[in-house]
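Taking it in order: structure first as structure tokens, then the write-up.
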Amino acid sequence: MPVWPSCRPRTSVKRAIGHNPQVTSLPIVAVVGRPNVGKSTLFNRIVGHRTAVVEDRARTTRDRIYGDADWNGRRFIVVDTGGLEIHPGDFIEEKVQEQARLAIAEADVIVLVVDSIAGLTPSDMEAADLLRTAKAPVLVAANKADNDKRELEAAEFYSLGWEETYAISAAHGRGVADLLDAIVWALPPESEKEIARKRRQAEADEWARDMAAGMLSRIGEGDAEAIELGGEGGLDPAMEIEEEGAGVSIALVGRPNVGKSSLLNSLLGEDRAIVSDIPGTTRDAIDTHLQWGRTEIVLIDTAGIRRPGKVSRGPDAARYSTLRALKAVDRADVAILVIDAFEGLTAQDAHVAGFVAEEGRGLVVALNKWDLLEEKTDRTFDEVVDAMRRQVPFLDFAPFVSISAKTGQRVGRVLELAVDVWGERRKRIPTPELNRVIRAASLRQPPPAGKLGPPKIFYATQVAVAPPTFVFFARHADQVHFSYQRFLENQLRAEFGFDGSPIKLFFRERASGRSSQPESRGLAKGGPTKGRSSSSGRQTRKGVSSSKRSTLGQRKPQA
């Protein structure tokens, strides 16, 4: 059974972990500088993967982007920011400056990135003047020093007044190791929470090594039969089954300008992401850690997922933003699909929901801007949901909730539903209980006959969680019709729930080695199976004697 997060707050959520070092127990390093000097490239180099969108265009990054880094045994959080400007030109750029200043205020170490090719500029001087009042130590990184000549030219940045100035190339990694050594040296001493977290991580790594070495088992007590049944015939290589995880990762997805960033800010109680009426304001996938009872939740705000045609014709930043939004779904446990209730369900909303279901992630549908609907009654919500389920039938497993991110109406309920779906996604059903339900369903509604006769389900077992994955062993398994698979899925949901979680069903031909066993272990009562082994995929013809049957379709033994 899943381990549920306990002591869940019902009325409010606590402050985001990424903004409170006392909660995270990890120090924060802020990467700042004027626009288009390579801050996002350096950020990606430090965290080890392409998290921030990088484009050869100024003002690509807007929100604060957090990433975990580890250097010389010391863990810390890196924050990428938008370009520092004293006189921003529009509303969005003003919000970008607010985000950058918040990152500076919470940082334990500040890295000022400058451009060694362009040299010292007035904008660099303005950014340096802003950082002189910061309490955290400042390191200067002269980026784009790709060769010895540029490394010598970077010496002019010593005039900014900081001795800790390093010539680097974030794109090629040149000099970045020396910069990281200086960052770790400038970090504050390890706190008790950081030391305890490092100890827990070491214990988890030891457990993972024991698991990989076969010293531990993932199957709990009472599942010995599942091991036996699941091992018969093996699983298809195409089965992509996610391993169980400890954390709760929730992605906010949807079309542009439906209120995803507003929902994130409402959940956190602060302006974590920039919000405007201009579609496409959010470009990066923004991870924010949230304390939820005794566990941590990672909220991932994503850019709006556009139609493929608009993505291919749009700028590079829009294409990369969409790709990162899709990748955010891939690494999340549950996706909250935000829909504009005033506009209703669109084809693109259905496309995003279908992608979430295909990836096997949990799904919660949030009808945002509910406050804009006029003349609402007690039946309005049910009528809207019923209409959407009829329009997109595969959404019948997902819970719906009406919210207003602007006023905060029922935003806490969204998080509660997402955590509940996370638990449903990790539910494990004992094999005897599972077969009891499948046996009753098969007796009540036998599978329809195919070309080779009616399929016969012998037994089933759950082989994985997240998402719940079941393997059915049957005769003529490839003849089980899609409608009957859906019937079995509905029976599983009616009996065991799995609210908000997709269910994967796989049907395999029962191995011939078990054909001589009594049917008492199967789902149907009676004697042993008649005719040929189910692995042959054919039935014995009636009216043919046993002596003749022995010569029909006879094959020469293989060498």
Subject >> Shortest non-hydrogen contact between Pro467 and Gly360, atoms and distance >> reply: CB-O, 3.6 Å

Original post:
When rounded to the nearest 0.5 angstrom, what distance separates CG in Leu264 from CG in Leu299?
Top reply: 6.0 Å

Subject >> Side-chain heavy-atom pair Phe470, Glu489 within 4.5 angstrom cut-off >> reply: no

Subject >> Short side-chain to backbone donor-acceptor contact, Arg426 and Val465, under 3.5 Å >> reply: no

**OP:** For the residue pair Phe342 and Val258, establish whether any side-chain heavy-atom pair is separated by less than 4.5 Å.
**Re:** no

**OP:** Report yes if the side chains of Arg428 and Gln462 come closer than 4.5 Å at any heavy-atom pair, otherwise no.
**Re:** yes

**OP:** Give, for atom CD1 of Ile336 and atom CG of Leu417, the distance between the pair rounded to the nearest 0.5 Å.
**Re:** 8.5 Å

Original post:
Counting only N and O atoms by type, is there a donor-acceptor contact under 3.5 Å from the side chain of Arg413 to the main-chain atoms of Val401?
Top reply: no

**OP:** Specify the closest pair of heavy atoms between Ile46 and Ala69, including all atoms of both residues, with the distance to one decimal.
**Re:** CG2-CB, 3.7 Å

Original post:
Could you go step by step and tell me if Gln485 and Val480 meet the side chain to side chain contact (heavy atoms under 4.5 Å, CB included) rule?
Top reply: CA-CA 7 Å; Gln485 297 181 23; Val480 179; 3.8 Å; yes

Subject >> Electrostatic pair Arg425:Asp420 at N-O distance under 4.0 angstrom >> reply: no

Original post:
If we only count heavy atoms from C-beta on, is the Val392 to Leu345 side-chain gap below 4.5 Å?
Top reply: yes

Subject >> Salt-bridge contact Arg255-Asp349 (side-chain N to carboxylate O under 4.0 Å) >> reply: yes

Original post:
What is the minimum heavy-atom distance between Lys260 and Asp301, and which atoms define it?
Top reply: CB-OD1, 3.6 Å

Original post:
Rounded to the nearest 0.5 Å, how far apart are CZ of Phe487 and CZ of Arg444?
Top reply: 5.0 Å

**OP:** Please collect all side chain to side chain donor-acceptor pair (under 3.5 Å) contacts where either partner lies in residues 494-503, sequence neighbours excluded, each pair once.
**Re:** Arg436-Glu495

Original post:
Does Arg389 have any salt bridge (charged side-chain N to carboxylate O under 4.0 Å, His left out) partners at least two apart in sequence or in another chain, and if so, which?
Top reply: none

Original post:
Rounded to the nearest 0.5 Å, how far apart are CZ of Phe76 and CG of Leu26?
Top reply: 10.0 Å

**OP:** Begin from the C-alpha positions of Asp80 and Val78 and carry the test side chain to side chain contact (heavy atoms under 4.5 Å, CB included) through to its verdict.
**Re:** CA-CA 7 Å; Asp80 186 22; Val78 189; over 6 Å; no

**OP:** Rounded to the nearest 0.5 Å, what's the gap from CD on Glu343 to CG on Leu372? Could you check?
**Re:** 10.0 Å

**OP:** Could you walk me through whether Asp396 and Arg493 pass the salt bridge (charged side-chain N to carboxylate O under 4.0 Å, His left out) test, one step at a time?
**Re:** CA-CA 11 Å; Asp396 57 355; Arg493 292 189 181 278; 5.8 Å; no

Original post:
On the ring face of Phe498, is Lys427 found with NZ or CZ under 6.0 Å from the centre and within 45° of the axis?
Top reply: yes

Subject >> Rounded distance (nearest 0.5 Å) linking atom CG of Leu367 with atom CG of Asp340 >> reply: 9.5 Å

Original post:
Do Thr407 and Asp371 get their side chains close enough for a donor-acceptor pair, meaning under 3.5 Å?
Top reply: no

Original post:
Considering only heavy atoms from C-beta outward, does the side chain of Trp370 approach that of Val384 to under 4.5 Å?
Top reply: yes

Original post:
With distance as the sole test, does Thr377 use its side chain to make a donor-acceptor pair with the main-chain N or O of Glu375 at under 3.5 Å?
Top reply: no

**OP:** Search all heavy atoms of Ile300 against all heavy atoms of Arg331 and return the closest pair with its distance.
**Re:** CD1-NH1, 3.5 Å

Subject >> Side chain Tyr484, main chain Gln445, donor-acceptor under 3.5 Å >> reply: yes

Subject >> Residue pair Ile438 / Gln491, side-chain heavy-atom distance below 4.5 Å >> reply: no

Original post:
Given side chains that start at C-beta, do those of Arg475 and Arg510 come closer than 4.5 Å, heavy atoms only?
Top reply: no

Subject >> Residues in side-chain contact (heavy atoms from CB on, under 4.5 Å) contact with Phe355, at least two apart in sequence or another chain >> reply: Leu326, Val329, Glu359

**OP:** Give the intermediate values and the outcome of side chain to side chain contact (heavy atoms under 4.5 Å, CB included) for residues Val79 and Phe43.
**Re:** CA-CA 8 Å; Val79 187; Phe43 173 86; 5.9 Å; no

**OP:** Check Ala366 against Ile403 and note the closest heavy-atom contact, atom names and distance.
**Re:** CB-CD1, 3.9 Å

**OP:** Please check if the side chain of Ser266 supplies one atom and the backbone of Ser262 the other of a donor-acceptor pair under 3.5 Å.
**Re:** no

Original post:
Looking at the rings of Phe458 and Phe473, which for Trp means the six-membered one, are their centres under 6.0 Å apart?
Top reply: no

Original post:
Do you know the tightest heavy-atom contact between Gly259 and Asn368?
Top reply: CA-ND2, 3.6 Å

Subject >> Passing candidate, side chain to side chain contact (heavy atoms under 4.5 Å, CB included) with Ser249, options Val334, Val298, Ile297 >> reply: Val298

**OP:** Would you check, one step at a time, whether the test side chain to side chain contact (heavy atoms under 4.5 Å, CB included) holds for Leu263 with Leu252?
**Re:** CA-CA 8 Å; Leu263 176 58; Leu252 308 178; 4.1 Å; yes

Subject >> Pairwise side-chain contact, Ile457 with Phe507, heavy-atom cut-off 4.5 Å (strictly under) >> reply: yes

Original post:
What do you reckon, is CZ of Arg379 surrounded by more than 12 foreign heavy atoms closer than 6.0 Å?
Top reply: no

